[in-house]
Each structure stands twice: as structure tokens, then as C-alpha cells.
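As C-alpha cells, the structure follows; a few thoughts come after it.
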Amino acid sequence: MDHREKAEKVAEAYAADFLEDAIGQDIFIGSHIERLLSDKVKIIYQYVEDEKYFGAAISHQNGDQFVALNTFHSLRTRYFTAAHELWHLIEGSKMQDNDFDHERAADRFSAAIMLPKALTKHFWNKFKTKYGEERAILQIADLSYAPYKTVVRRLGELGEIISGNKLNKLEELEWLARRNELGLPASASDHSSPEVRFVEYEKVVLENVEHKGLDILTAANKISKYSPKIAEQIQHDSLTKRHEEDA
């Protein structure tokens with residue numbers, strides 16, 4: 001067994017166990033993946049206009065762990081990135097030897113938890129018979145919130161044969177064009193939600209205002225990058241209070 005094959009088999013096994021503990025294997029995990037990720041680490045939502053940057057895992061010297069997600073990408077891609085990073089946080093990722101292909105394992109783990117084996121095969125056979133392969137792939141992607149290419153690859157991993165070879169080569173933008181040509185309604189998952197947010201940082205700053213005397217305007221400046229609306233409200237409240245005190 002080569003390194004790649006070993007990584008995929010190990011990741012598949014851990015994905016099945018993870019799903020059983022987290023949500024079961026009879027529904028798609030979808031956007032809930034970010035909630036599960038936030039149970040393990042602090043999430044930083046960034047907006048970086050870079051097609052090649054999806055996110056990153058960061059460990060602080062004090063032991064805290066963070067995962068940054070780039071909200072420039074579509075929700076499908078963002079959720080897949082969250083699932084990918086989750087692999088690096090579970091115990092299975094820490095039990096492997098130095099030659100283990102963690103990036104391949106992370107991708108397989110992501111696909112396996114977003115597209116559970118039995119559930120994916122069930123819908124593939126059901127939709128393929130009723131609508132044809134192309135529409136079946138699109139509909140599974142919509143149900144699971146997974147990238148189109150991930151659905152295609154996952155079907156191959158599960159031993160399902162896609163007779164239309166050209167479907168294996170389509171990129172995400174080409175899939176978008178195909179769904180439009182087929183007259184299917186637009187999916188919100190194909191669009192980004194360009195938010196910038198770091199909830200844990202906000203909490204720490206506001207706690208310092210309340211308990212350690214941090215100047216409220218200084219606090220507003222600190223969190224303005226991640227939560228401009230909250231910063232604006234803090235500044236407004238501070239100025240209002242000062243006006244009342246001066247009156």
C-alpha cells in the first residue's frame with residue numbers, strides 16, 4: 001500500500017467514526033461543519049481576494065489554536081476548507097508516522113464527512129436514474145453544500161462510474177455554466193459570504209474594557225478590522241456618554 005492509498009483509507013475510517021459521534025451518516029453535514037470546527041478551535045473569518053488562499057491553521061505559543069477561513073471563496077469551498085482543517089485537529093491526524101500524507105488525508109476526510117458513503121451512493125443512484133448523471137451531480141452538490149468537483153471525485157472514490165468522461169474534467173465555473181444551461185435555479189452556496197469576523201478577539205477586547213479599564217475608543221479601534229459595526233456602536237455609545245457627562 002503506497003502513502004497516498006494509506007492516507008485515504010485511514011481518513012475514510014476516521015471520517016466514519018467522526019460522523020457517528022457528531023451528527024450521524026444519514027444526513028449531510030453542510031454548513032454545520034463550521035459549528036463543529038468552532039467547538040475545537042477559534043475561527044477567524046478573513047476576506048482576502050486571492051483565489052489560491054483558502055485558509056490556515058495557526059497555533060499560538062500559549063496553546064490556543066485558530067483556523068482562518070477565507071470568505072472570498074464560495075460557501076461550498078469555504079465549508080470544504082473547514083472540513084479539511086478539521087482533519088488536522090482530530091486525534092487520528094496525530095497518530096500517524098512522519099511519512100503519512102496528511103494533506104491527502106485531509107482532502108479525503110473532508111469529502112467523506114461532507115459526502116457520507118451510503119447517503120451519497122443512495123442519492124446518486126436515485127437522481128441518476130431520474131434525471132441523468134449531470135443533474136444528479138448538481139443536485140447532490142446542492143444537498144451537501146459540497147463543491148461540484150468534490151462530488152465527482154467522491155463518486156469515483158465510492159466506485160461509481162460516470163459514463164460522461166467530460167464531467168470528470170469540469171471546473172467549478174464550468175459547472176456553474178452547466179447548471180445555468182440546464183435551467184436549474186441559482187444556489188446560494190455558489191456565492192461567497194464576504195464577512196470579516198473574529199468573535200474570540202472581540203470578547204477579549206470587550207472584557208478588557210469592562211474589567212481592566214481599557215479605553216473604550218481604543219477598544220473600538222482594536223476590533224474595527226473584524227467587527228466594524230460593533231466598533232461603530234462602541235464609538236457612538238462612548239461619544240454619547242461623554243456628551244451627557246459634559247452637559
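When a residue number appears, it is its place in the shown sequence, counting from 1. Reckoned from all heavy atoms, side chains included, excluding hydrogens, waters and symmetry mates. Keep in mind it's a predicted model, so treat the numbers as computed, not measured.
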Separation between CG (L69) and CD1 (I43), nearest 0.5 Å, reads 5.5 Å
ask   = Is a donor on one side and an acceptor on the other found under 3.5 Å between the side chain of N70 and the backbone of Y53?
value = yes
Note: K149 and E172 closest approach over all heavy atoms is N-OE2, 2.8 Å
> Would you find a donor on one side and an acceptor on the other, under 3.5 Å apart, between the side chain of H73 and the backbone of Y79?
Replying inline: no
Point to revise | Basic-acidic side-chain contact under 4.0 Å: E12, R108 | key: yes
The reported gap from CG in L176 to CG in L184 (rounded to nearest 0.5 angstrom) is 11.5 Å
| query | Is the number of heavy atoms from other residues, nucleotides or ligands within 6.0 Å of CZ (F54) greater than 12? | reply | yes
S110 and A83 have their tightest heavy-atom pair at OG-C, 3.2 Å
Less than 4.0 Å between a side-chain N and a carboxylate O, is that true for E133 and K166? no
Exercise. Does a side-chain heavy-atom distance below 4.5 Å link I113 with L36?
Worked result: no
Same cluster or not: F80 versus I23, using hydrophobic residues (I, L, V, M, F, W, Y) connected whenever any side-chain heavy atoms lie under 4.5 Å apart?
yes
Side-chain touch L115/L158, heavy atoms, less than 4.5 angstrom
no
For this session: Find out if a path of hydrophobic residues (ILVMFWY) with successive side-chain heavy-atom gaps under 4.5 Å connects F127 to V151.
Result: yes
If you count every heavy atom of other residues, nucleotides or ligands that lies below 6.0 Å from K117 atom NZ, does the total exceed 12? no
Answer yes or no: is there a side-chain heavy-atom contact under 4.5 Å between F72 and E51? yes
Between H84 and E103, a side-chain donor and acceptor under 3.5 Å: yes
Value for NE2 (H32) from CD1 (I27), rounded to nearest 0.5 Å, stands at 8.0 Å
Quick one, Q65 and K40 - any side-chain contact, counting heavy atoms below 4.5 Å? no
Review point. What's the verdict on salt bridge (Lys or Arg N to Asp or Glu O under 4.0 Å) for R179 and D190, showing C-alpha distance, side-chain angles and the deciding distance?
Key: CA-CA 11 Å; R179 74 178 297 145; D190 290 321; 3.6 Å; yes
For the pair D107 and R154, find out whether any cationic side-chain nitrogen is under 4.0 Å from an anionic carboxylate oxygen.
no
Between the CD1 atom in I137 and the CD1 atom in I162, the distance rounded to the nearest 0.5 Å is 4.0 Å
**Test log, rule side chain to side chain contact (heavy atoms under 4.5 Å, CB included), inputs Y148 and R76** = CA-CA 9 Å; Y148 302 108; R76 295 184 193 280; 3.0 Å; yes
Nearest heavy-atom contact between L170 and W175 is CB-NE1, 3.4 Å
**Prompt:** Taking the side chain from S189 and the backbone from Y145, do they hold a donor-acceptor pair closer than 3.5 Å?
**Reply:** no
For T71 and S193, the nearest pair of non-hydrogen atoms, with its separation, is CB-O, 3.3 Å
(request) Kindly assign one of parallel, tilted or perpendicular to the pair W87 and F109, based on the angle between their ring planes and the thresholds 30° and 60°. (result) tilted
Measuring only between side-chain heavy atoms, which start at C-beta, is L119 closer than 4.5 Å to Q25? no
According to a 4.5 Å side-chain heavy-atom criterion applied to Ile, Leu, Val, Met, Phe, Trp and Tyr, with indirect links allowed, do L173 and L182 form part of one hydrophobic cluster?
-> yes
Taking the side chain as every heavy atom from C-beta outward, state whether F100 and K6 have any pair of such atoms under 4.5 Å apart.
yes
When rounded to the nearest 0.5 Å, the distance separating CE of M114 from OG1 of T150 is 7.0 Å
All heavy atoms of H191 vs all of S187, minimum pair found to be CD2-O, 3.4 Å
When every non-hydrogen atom of L37 is compared with those of L86, the smallest separation belongs to CD1-CD1, 3.9 Å
- Answer yes or no: is there an ion pair linking R78 with E34, defined by an N-O contact shorter than 4.0 Å? yes
Residues 123-132 vs side-chain hydrogen bond (donor to acceptor under 3.5 Å, both in side chains), sequence neighbours excluded, gives W124-E160
Practice problem: Report yes or no: does R153 contribute a side-chain atom to a donor-acceptor pair with the main-chain N or O of A111 at less than 3.5 Å? | Solution: no
So NE2 of H122 and CD1 of I140: to nearest 0.5 Å the spacing works out to 10.0 Å
